[in-house]
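First the structure, in the form of structure tokens, and then the observations on it.
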There are 2 protein chains.
Amino acid sequence: MAKITDVARKANVSITTVSRVINNNSHKVHPATRERVLSVVRELDFRPNALAKGLHMKKTLTIGILIPDISNPYYAEIVRGIQNVADKAGYSVTLQNTDGKQEGIIRSIYLLREKSADGVIFSGGIITGYETLSILRELKERVVVIGRHEVDFPAVMADNMGGAAQAVRHLIGLGHREIGFIGGSDGSTTSLDRLTGYRNALAQNGLPFNEKFVRPGSWNPKSGYLMAKTLLKGKERPTAIVSANDQMAFGAIKAAKEAGFSVPEDLAVVGFDNVPLSSYFDPPLTTVEIPIQDIGAASMKMLVGLLSGSKFEKRKVFPTKLLVRESTVRNPQIRFDNPKVPR
Amino acid sequence: MAKITDVARKANVSITTVSRVINNNSHKVHPATRERVLSVVRELDFRPNALAKGLHMKKTLTIGILIPDISNPYYAEIVRGIQNVADKAGYSVTLQNTDGKQEGIIRSIYLLREKSADGVIFSGGIITGYETLSILRELKERVVVIGRHEVDFPAVMADNMGGAAQAVRHLIGLGHREIGFIGGSDGSTTSLDRLTGYRNALAQNGLPFNEKFVRPGSWNPKSGYLMAKTLLKGKERPTAIVSANDQMAFGAIKAAKEAGFSVPEDLAVVGFDNVPLSSYFDPPLTTVEIPIQDIGAASMKMLVGLLSGSKFEKRKVFPTKLLVRESTVRNPQIRFDNPKVPR
DNA sequence: TCGGGTATGGAAAACGTTTTCCAGACCTTA
DNA sequence: TAAGGTCTGGAAAACGTTTTCCATACCCGA
């Protein structure tokens, strides 16, 4: 690959001049010279080596994303949102799988530091333990977190408590009194907050919190399926279930059907996230929509602000929105979204 | 951040010695000295700067992945498979969105070249046009492609033709004669091959190819939904549909239900890929499974082989497997998988 | 005591850029 | 014509490593 010295030699100038031309430096260079250099650059297809450039400038235009698992559609959407903004801002993105484990987080951060990543976006899993916290702090002024965390980094999050409460209120409004909850068991603030929202809404409506109706899931369809099965088999069973994400809700619906319950008549189910497939499910899933891509995008915008030293808000909370579909009500569009539908 | 000179000064040695110690160089260094250096390394939490290292060694332990869109679960699984292998082999991964467009591909490759990525894995979209081909060729010996492409790079792929044929034969075996097909319209070899497999199987079974029963989709649920609608509305309609991926199959099933057809009784549907959710759908989706993560993993293994100069097979085709579920047959497990089930 | 090997460590070049001086040529003005 | 400014360009340092030589000290056998 051509390097700057090749260009300089061929154009009969010094590397200084070449550098000035390709970087549009304010230092003046004669138009004729500039043209000569540019034509050689084109001819040799020269691109400055980013390693050398980054080494000198202490800036790589690269950021790292720390997520537990890209095959979870939630994180895939987050990443997509981040990339959309990153591309425009000229940043490349390197992906780090943490599996949600501290060890993975630590390894990833060290790696990003070695590679001189300009910044880091952290999403999923929990930040805990002295080591994690201390090496993360070392990156101060370069980290944005997604979700609520016990750290003082700039953060983007959804209103998880509010969203869960919305879901519960919707069910109560439909007459449900026994409402189950399938949550996360990873100790993340996300699962915590959604559970809290559920409890709050129950309390505010004078309904008791019944521990028997709460199950710990692990965010995937299978665990939703298994947890719903145990919720439904007893004599005393909930008539509705709020699931902490859509994937588990899909599993729960499958379990309900297998147990002979029809949804929503015998069991209403509400999901969380509004992943792309949720409206195609049968029945279409009532869910608490959170603007996943927007959250990703906002986190990247925040990081760009952070890195460029410009002003920006250090905390952004996105509201959630309950999308009522048929997993809780038949013909919801008639009752809610579209009053003009013939009746 | 501590650098090698800091360590050297504090340990009273030259940077040469420090470098030797941290890289376990074969050049001998006195055990006492080594210990002294290592303790300073720990104390200062020194990690060698990867930019400087990469600049000198012409090796960055970084590879790039080119995909159209990470929010498509198929690509998410591919990436996951790649990462699993990359992590073990010590490689970092940078993600490039191409949107399936040549312009995006070109931009991405230039970027990876600038950043001195050691290699590239290309998946999705088509390689076409002189420019793309020529810059890709420049990276020769560093590229692995996923899918069949008109280039001579090492490649990993699934048996798309065979898989589509399997699906069609299954439907014919169930008595279907009018079988529709919803394919891709992006000109990719994947959509081409799946269509070809469909046609071949029809021909081999003496069934006519009916252009009216073929629709171009764009891989997402919505297009499956729309295309199925047009397939089903005429008087002359297929009794079964093969969809070129699961996402479109989901959409097709929704369309069928809305049109008043029950699946599989009135319309049988077969998908392709076996994405994680397909067994949770209602009805559970009969689909041609392809081992997506394995394909990703194999491509990375191939790339590692390529980069390390060791021997490896330059072409790997994964077989597909038809998973019969209820979108084509009621109680398939009784008829196929598990004859011991009480009847 | 000498010759030659081994053990250990360092100096300096090289990787490919950007940027800070510095310098010469030319022009303008008095 | 001299003084000073404006254009234009280059030399060299710096970024943080690895690696190739080279150098010294020590030891061993003869």
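In this text, all values refer to a predicted model and were calculated from it rather than measured experimentally. Here is the naming used below: chain letters follow the sequence lines, and residue numbers restart at 1 for every chain.
On a pure distance criterion of 3.5 Å, no polar donor-acceptor pair joins the side chain of B:H30 and the base of C:dG9. The base of C:dG10 sits with one of its N or O atoms less than 3.5 Å from a complementary donor or acceptor on the side chain of B:R20. B:H56 contributes no side-chain N or O that forms a donor-acceptor pair with the base of D:dG16 under 3.5 Å.
Side chain of B:S14, nearest nucleotide from D:dT8, D:dG16, C:dG10: C:dG10. Considering only side-chain atoms of B:V13, the nucleotide from C:dG10, C:dC21, C:dT17 that sits closest is C:dG10. With D:dT18, C:dG16, C:dT17 as the choices, the nucleotide that has an atom nearest any side-chain atom of B:N23 turns out to be D:dT18. Out of D:dC15, D:dT19, C:dT18, the shortest distance to the side chain of B:N25 is found at D:dT19.
Counting heavy atoms from C-beta on, the side chains of B:D45 and A:R113 come closer than 4.5 Å.
Residue contacts for A:T16: at a heavy-atom cut-off of 4.0 Å it reaches a base atom on one of the strands shown. Heavy atoms of B:I15 sit under 4.0 angstrom from at least one base atom.
Between A:N12 atom CG and D:dG9 atom C1' the separation is 13 Å, expressed in whole Å. Remark: C1' of D:dC15 and CG of A:N49 are 13 Å apart, rounded to the nearest angstrom. Summarising the geometry, the separation between NZ on A:K3 and C1' on C:dT18 is reported as 17 Å, rounded to the nearest angstrom.
For B:T17 and C:dT8, the shortest distance from a side-chain N or O to OP1 or OP2 is not below 4.0 Å. Between C:dA14 and B:K58, no contact under 4.0 Å exists linking OP1 or OP2 to a side-chain N or O.
Checking side-chain atoms of A:D99 against main-chain N and O of A:K101 turns up no donor-acceptor pair under 3.5 Å.
Inspection of the A:T60 and A:K115 side chains reveals no N or O donor paired with an N or O acceptor under 3.5 Å.
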